[in-house]
Protein chains: 2
Amino acid sequence: MGFKITATFTALGEPNRLHIVELLRDGPLTVGEIADRLQLRQPQASKHLRVLLEAGLVEVQPMANRRIYKLRLEPFQALDAWLESYRSVWEERFDNLENYLQQLQSEENKQN
Amino acid sequence: MGFKITATFTALGEPNRLHIVELLRDGPLTVGEIADRLQLRQPQASKHLRVLLEAGLVEVQPMANRRIYKLRLEPFQALDAWLESYRSVWEERFDNLENYLQQLQSEENKQN
DNA sequence: CAATAATATTCCTTGACAGGAATATTCTGT
DNA sequence: ACAGAATATTCCTGTCAAGGAATATTATTG
């Protein structure tokens, strides 16, 4: 806990990192495996993983020579919670209400 | 349609822009109002709004002298859909399954 | 302890981005 | 058409992030 949601967004804003996350959705992977599948050089893979790690999106588990990265759930749940407040917005068709209010305003206090 | 989700993420990765979006959640606002509430100078507000606009997160509706910005629903729904595939991950406790697989692997084909 | 595999870190360079200040644009009313 | 309000754009500058290449670190095996 204690990760800022903007960190989540910026981390996922980079295409390679988004791709990594999508790979990890299907299960934990090794740095080398990630680099292979994404056509990345190993150092770049490590660097992106570092960013994801610091954003709390993944965690790492050393195994022998390797480091296995896997998704952490919390940031996704946080994202979900954040989205929740917007779901109500579109479900209530807030949109139309506002159009209505704008009409009122645009007609400068016309009283019927 | 046709907006990349990475664009959504990068747009929301900037704290001021995230803040703008959260303001707009409660209803459409004018550039000036946004600048006021966020303690931003008008040009910066306009610039951030431009980014949000190009990412498809907001739309603008000219009214007289002003421009009223409001949220567009689609990117949020897209985000929601994207998150959906991760919900199943954490709901199925995929995590434990993987720990199990890792154990197997770490013990190098030990057959009981 | 040497050799090797897997991964991380550093240094460098380049490009993107954010804020500040100034200026341009657009619309309205007269 | 002009003045003024609201907003957009441009230019400049400094910072930060990403890729490439080289090197350092860590753990395993013999």
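Just so we're on the same page: letters track the sequence lines, and every chain starts at 1. What you see below is based on every heavy atom in this structure, not just the backbone, and it leaves out hydrogens, waters and symmetry mates. A quick note: this is a predicted structure, and the numbers were derived from the prediction, not measured.
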Legend entry - Contact under 4.0 Å: B:Tyr69 side-chain N or O vs D:dA8 OP1/OP2: yes
Legend entry - Atom pair CG (B:Leu53) and CZ (B:Arg67), whose distance is rounded to the nearest 0.5 Å: 9.0 Å
Inset, instruction - Measure the CD1-CG distance between A:Ile34 and A:Leu23 for me, rounded to the nearest 0.5 Å. - result: 7.0 Å
Legend entry - Distance test, side-chain N/O of B:Thr30 to OP1/OP2 of D:dA6, below 4.0 Å: no
Legend entry - Any side-chain donor near an acceptor of the partner, B:Gln42 and B:Ser46, under 3.5 Å: yes
Inset, instruction - Determine: side-chain N/O of A:Arg50 to OP1/OP2 of C:dT9, distance under 4.0 Å, yes or no. - result: yes
Inset, instruction - Please figure out whether A:Ala64 or A:Val51 has its closest DNA chain D nucleotide nearer the 5' end. - result: A:Val51
Inset, instruction - Figure out the CE/C1' separation between A:Met63 and C:dT7, and round it to whole Å. - result: 14 Å
Legend entry - Nearest to side-chain heavy atoms of B:Gln44, which nucleotide of C:dG19, D:dT7, C:dT28: C:dG19
Inset, instruction - Please state whether the base of C:dA8 and the side chain of A:Gln42 form at least one donor-acceptor pair under 3.5 Å? - result: yes
Legend entry - Any A:His48 side-chain N or O less than 4.0 Å from OP1/OP2 of D:dA17: no
Inset, instruction - Identify whether any heavy atom of B:Pro62 sits under 4.0 Å from a base atom; if not, whether one sits that close to sugar-phosphate; answer base, sugar-phosphate or nothing. - result: nothing
Legend entry - Side chain of B:Pro43 - closest among D:dG20, D:dT9, D:dA6: D:dT9
Inset, instruction - Decide whether a cation-pi geometry holds between B:Arg25 and A:Tyr86; the criteria are a distance under 6.0 Å from NZ or CZ to the six-membered ring centre and an angle within 45° of the ring axis. - result: yes
Legend entry - Separation of atom CG in A:Leu52 from atom C1' in D:dA17, rounded to whole Å: 14 Å
Legend entry - B:Arg72 side chain vs B:Gly56 backbone, donor-acceptor pair below 3.5 Å: yes
Inset, instruction - Using atom CD1 of B:Ile20 as one end and atom C1' of D:dT7 as the other, report the distance to the nearest whole Å. - result: 14 Å
Legend entry - B:Thr30 backbone acceptor or donor facing B:Arg66 side chain under 3.5 Å: no
Legend entry - Residue A:Gln39 excluded, over 12 heavy atoms near CD under 6.0 Å: no
Inset, instruction - Please report, rounded to the nearest Å, how far the C1' atom of C:dA8 is from the CG atom of A:Leu49. - result: 11 Å
Legend entry - Rounded interatomic separation in angstrom, taking CG from A:Leu29 and P from C:dT7: 11 Å
Legend entry - Rounded distance in Å - CG (A:Asn65) to P (C:dT4): 14 Å
Legend entry - Under-4.0 Å side-chain N/O to phosphate OP1/OP2 contact, B:Arg41 with C:dG20: yes
Inset, instruction - Could you identify which residues of residues 9-17 of chain B place a heavy atom less than 4.0 Å from some atom of DNA chain C, listed by residue number, or say none? - result: B:Glu14, B:Asn16, B:Arg17
Legend entry - B:Lys47 side chain, from C-beta outward: closest of D:dT7, D:dG20, D:dT10: D:dT10
Legend entry - Rounded interatomic separation in angstrom, taking CG from B:Leu40 and P from C:dA21: 14 Å
Inset, instruction - Could you tell me how the ring of A:Phe9 sits relative to the ring of A:Trp82: parallel (under 30°), tilted (30 to 60°) or perpendicular (over 60°)? - result: perpendicular
Inset, instruction - May I have the distance from B:Ile68 (atom CD1) to D:dA6 (atom P), rounded to whole angstrom? - result: 13 Å
